[in-house]
Every structure is written in C-alpha cells, then in structure tokens.
Protein chains: 2
Amino acid sequence: MTVPASTSSSSSQAAPDRGRDRSRTEEAIISAARDVLVEKGFGAWGVNAIARAAGCDKQLIYRYFGGLDGLAEALGTDVARAIEEALSATPGPAATNYAELVAGLLETLVDVLRANPLMQRIIAWELSEPNALTRSFAQARSRALADWIARLRGDIAPPPGIDAPATNAVLIAAVQQMVLAGAATGGFAGLPLRDPADWERVRLAIRAMAVAVYSERPEGEDRP
Amino acid sequence: MTVPASTSSSSSQAAPDRGRDRSRTEEAIISAARDVLVEKGFGAWGVNAIARAAGCDKQLIYRYFGGLDGLAEALGTDVARAIEEALSATPGPAATNYAELVAGLLETLVDVLRANPLMQRIIAWELSEPNALTRSFAQARSRALADWIARLRGDIAPPPGIDAPATNAVLIAAVQQMVLAGAATGGFAGLPLRDPADWERVRLAIRAMAVAVYSERPEGEDRP
DNA sequence: TGCTCATGTCACCAGTCGGTGATATCCGCT
DNA sequence: AGCGGATATCACCGACTGGTGACATGAGCA
C-alpha cells in the first residue's frame, strides 16, 4: 500500500486538506488573498504568497481566476459586498441639520475605517501605485460610501454659500489620512494616535470643524 | 588600436563617463536614488535600479554608502536640507490673527507639497511600509515643518477653548491626503483634482474651515 | 620608473517572482 | 468495470532581486 502522503508539509496557514471542492478552494484563495494584503501589504501581494497562504498550488489561481487580475476583481466584489453590509449595519446619526449630520457621519467614518485594516491597505495601495487593480477597489469603495451617505442624508440640504462637495471631500480626506497615519506610525504631526483618548481628541476636532464650517453664515454670499 | 569602447551602451539616464571622482559619483548615486523614487516609486527603489539610473555599478553603492540603509540615510539628510531651504524660501502669510495665520499656512502647504513629488512619494511610502528608513525621512520632514511653523507663527497664540494641536493635525492631514490623492488618481471622493480651478475650490474649502473653526467662539468654554 | 591604493567593472551566487506545460489523482457517469 | 473530465500538484522556465568576491584600470607618489 502506498503511504497516505501525509499532508503535513504545508505552510503555517490553514489546513491544506480540503477535499476536491472547487468552490471551497476558490473561497480559500480569496480569503488568502485578503489575508496577505492585510498582513503583508500590497508589495507582497502575488500569486506565490497567496497560494502559499491558501495552502494550494498557484496554478489554481490561474485556472480559477485567470491570474492576478481576475483574482483582484473577485476580491474587489467581495470587498465591496463586505463594505456595503458593514456600512448598512452602522446606525446613522439622527441629525436634523446638515452640520450635525456631517459631523456624525465623519465620526462614524473614523470608527469604520479604523476597524477595517483591509480598507486601509487598499487606500494606501491606491495612493502609492494606482493601477487598474486599485481603481476597481476604489470605485467600489467610493460607490458604497456615496450610497451610504445618500441614504442617511435624507432630505437635509447643505446650507447655501458653501461648497459642500469640496468641503466634505476635505473632511473625509482628513479622516482617511489620520486613520492611515495612526495605523502606520501611531501618530501624525506630533499628535499621538494610540490611546482611545488620542482618538477622542481627533474626533472632537473633526466635529468642531464640521460644525463650525457648516454653521457659520458666510458674509455677503446670500441671494438677495 | 582598440576602439574607444563607446560609452553609448548605458541606460537612458546620465552620461556614464565621469572621471574617477568619488564625490561626483556619490552625488550621482544620490541623485539617481532620488530620481528612481520619484519616477518609479518606492517599490522599485533598490540597488539595481539606482545603479542603473546612476550609470555606475551597484558595488559602488555598497562601498560608498554601506548598502541601501546608508544610502537612504544620505538621501534623508539631503532631502531634509532641500525641504528646509524650500520652506525658508516661501513667504509666510502676514497674518495678525490665528485663524488667518493657519489658513495661510495651509494654503502655502498645499502649494509646496503639490510641487514636491519626492515628498509625496516619501509620505506614501511611510503610509504603506513604515520602517526605519521612512522614519528618518518623516522625522526630518516633521522637524522642518515644525520649525517653519514656529518661525512664522511669531507670538500669535491660538484662541482658548480649542484643541489647536489636534485641529491643526487634522487640517494638515486633509492637505496631505488631498495632494496625495490628486497626484495618484486625479480626484478624491468624487471631487476632481486636475485643473487649477479644482485646487482653488480645495483651497477655499480649507481656508473656510480653518477660519470658521478658529474664529467661532466656543460656547461656555471661556475662563471666567 | 615602479609601486600602491583608490576607483570602477565584471561575473557570479542564492533566492524570489510571475507564468506554463505535463502529470498525477480522484469523482461521477455510463 | 472502465472511461472521461474535473481537480490538484509538480517541475520547470526566464527574469529580476540584493549581495559579494575577484579583477581591471588609472592616478599619485616615492
């Protein structure tokens, strides 16, 4: 009788002996792709590392996904679905005016983004090496975010005389940069970003800015 | 007679035939290191690519700088010097109150950062793969920025009742993220970042936020 | 002149990468 | 039982990486 070829000679990750089940293998590969991106960064995101993490041969990545691009696309839809349900699960701020609405959304965004290292990696990737791959990621993320905001906004309109799209973009940019810097280096511009107290300062600062800019009445910009 | 071994078989960069001059070669290597980082990104920042761009053998990188770490250190001091003189050359905003001071500083920062792709690469690097290398870069940058601000601030004090360090960090974070996103993808959160008009919107939005948050009197937070 | 040493160049190493063809193994169907 | 096809694994390729030792070349000095 032939020895059962003990399957113990595998990577440190994931039991390698799942039966010949294509769908399960595909899930394992996608999960491994996600794990590699989160734990090793996009610089190490390749067929070899992913196959190693998934405990299967890299040939399967080519067969089932058509290479890295197809795998990225599959992971993209997977990520988009995860984001949408993560956002739809978060309770929106019950605000009656635009300033409080935006302030609440930004605070929620800080929490959601801080709890989502995968999203952080994708954003950093997009900032460093924008390509067709990251573009689909960014597109899905942007769309989910826009839907979420539109859903929670309801019929609350921004005050006139203020460039709301630009202002909101700047505010969201601030949130992103702070979260990324905090995760990467634990601080930004001399401000520590480690303890919950540090993030409470950030949260208050962002809220104060949003409320201030959307509450103050711009001088002489009113319609006659 | 032997043919003069035409030196045309080199990379597209830089004439490879500088006389046996160590200091000149070192400068060429540092310059090549900077160019590779700017044009190819930190993913391609290695001895092979740098030596190729410098038109010399990679062995010289090890001999003169002790490898990539030493070269990074040398480039770091070079960058720090460049930043300091770039910032010292920019005229500070002549403001008499804190809100206008911060608004002017942020607008200047947008311009300086947008005109400095090397700095953008370093920031993106730091956000993606923080290591001893990027830390020295970030440290030099942070110090130069702090000195610049301290120099221009003079004796103008922030209004009481506002967490100025946190607020300023958030504002600077917004500037960084907008500039990085603009350079990487040409837009952010649906807002285009290509034409000067786009950046004018951003500039106005940032100014409005800074002025609003530092002008508005926080209610009931005053000292008695 | 001849010697020395700094400068520069070349060849090579082990390792990893993305990618592909050939082969083994097992399930289901007739 | 036997066959076909899907699933999975192995072995290999060329290219590139960081790193190192050996060698050529030239300038300056005794």
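Protein chains get the first letters and strands the later ones, always in sequence-line order, with residue 1 at the start of each. All of these numbers come straight from a predicted model, not from anything done at the bench.
Judged purely by atom type and a 3.5 angstrom limit, B:Gln120 has no side-chain atom pairing as donor or acceptor with the backbone of B:Ala183. A donor-acceptor pair is defined here as one N or O able to donate and one able to accept, closer than 3.5 Å; such a pair exists between the side chain of A:Arg121 and the backbone of A:Val38. A donor-acceptor pair under 3.5 Å is formed between the side chain of B:Ser128 and the backbone N or O of B:Ala124. Side-chain atoms of B:Thr90 come within 3.5 Å of backbone N or O of B:Leu87 as a donor-acceptor pair. B:Asn116 places no side-chain N or O within donor-acceptor distance of the main-chain N or O of B:Val112, the cut-off being under 3.5 Å.
By the 30° and 60° cut-offs, the orientation of the rings of A:Phe42 relative to A:Trp125 is parallel.
One interatomic measurement links the two molecules: CZ of B:Arg24 to C1' of D:dA27, which rounds to 16 Å at whole-angstrom precision. A straight line from CG of B:Leu60 to P of C:dC10 spans 11 Å, rounded to a whole angstrom. B:Arg22 has its CZ atom 17 Å from the C1' atom of D:dG28, to the nearest Å. The nearest whole Å value for the distance from the CZ atom in A:Phe42 to the P atom in C:dC17 is 16 Å. When rounded to the nearest whole Å, the span between CD1 of A:Ile61 and P of C:dT20 equals 13 Å. Here C:dT7 presents its C1' atom at 11 Å from CD of B:Glu26, a figure rounded to the nearest Å.
Residue A:Tyr64 places at least one side-chain N or O under 4.0 Å from the OP1 or OP2 atom of D:dA8. The side chain of B:Thr25 contributes an N or O atom lying less than 4.0 Å from OP1 or OP2 of C:dG8.
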If you look only at distance, which donor and acceptor atoms sit under 3.5 Å apart when one is on a side chain in residues 192-203 of chain A and the other is two or more places apart or in another chain?
unit_1: A:Asp198; atom_1: OD2; unit_2: A:Arg194; atom_2: N; d: 3.0
unit_1: A:Asp198; atom_1: OD2; unit_2: A:Asp195; atom_2: N; d: 2.9
unit_1: A:Glu200; atom_1: OE1; unit_2: A:Arg203; atom_2: NE; d: 3.4
unit_1: A:Arg201; atom_1: NE; unit_2: B:Asp163; atom_2: OD2; d: 2.6
unit_1: A:Arg201; atom_1: NH2; unit_2: B:Asp163; atom_2: OD1; d: 2.9
unit_1: A:Arg201; atom_1: NH2; unit_2: B:Asp163; atom_2: OD2; d: 3.3
unit_1: A:Arg203; atom_1: NH1; unit_2: A:Asp111; atom_2: OD2; d: 3.3
unit_1: A:Arg203; atom_1: NH2; unit_2: A:Asp111; atom_2: OD1; d: 3.1

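A salt bridge is defined here as a Lys NZ or Arg NE, NH1 or NH2 lying under 4.0 Å from an Asp or Glu carboxylate O, and A:Arg135 with A:Glu126 fails to meet this definition.
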### Summary
Once base and sugar-phosphate atoms are separated, protein heavy atoms under 4.0 Å mark nucleotides 14-23 of chain D, 5' to 3', with B, S and - as ---SBBBB--
Nucleotides 26-28 of chain C: which of its N/O atoms have a protein N/O under 3.5 Å away?
unit_1: C:dC26; atom_1: O4'; unit_2: A:Arg20; atom_2: NE; d: 3.3

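Taking the side chain as every heavy atom from C-beta outward, A:Leu127 and A:Thr134 never approach each other to under 4.5 Å.
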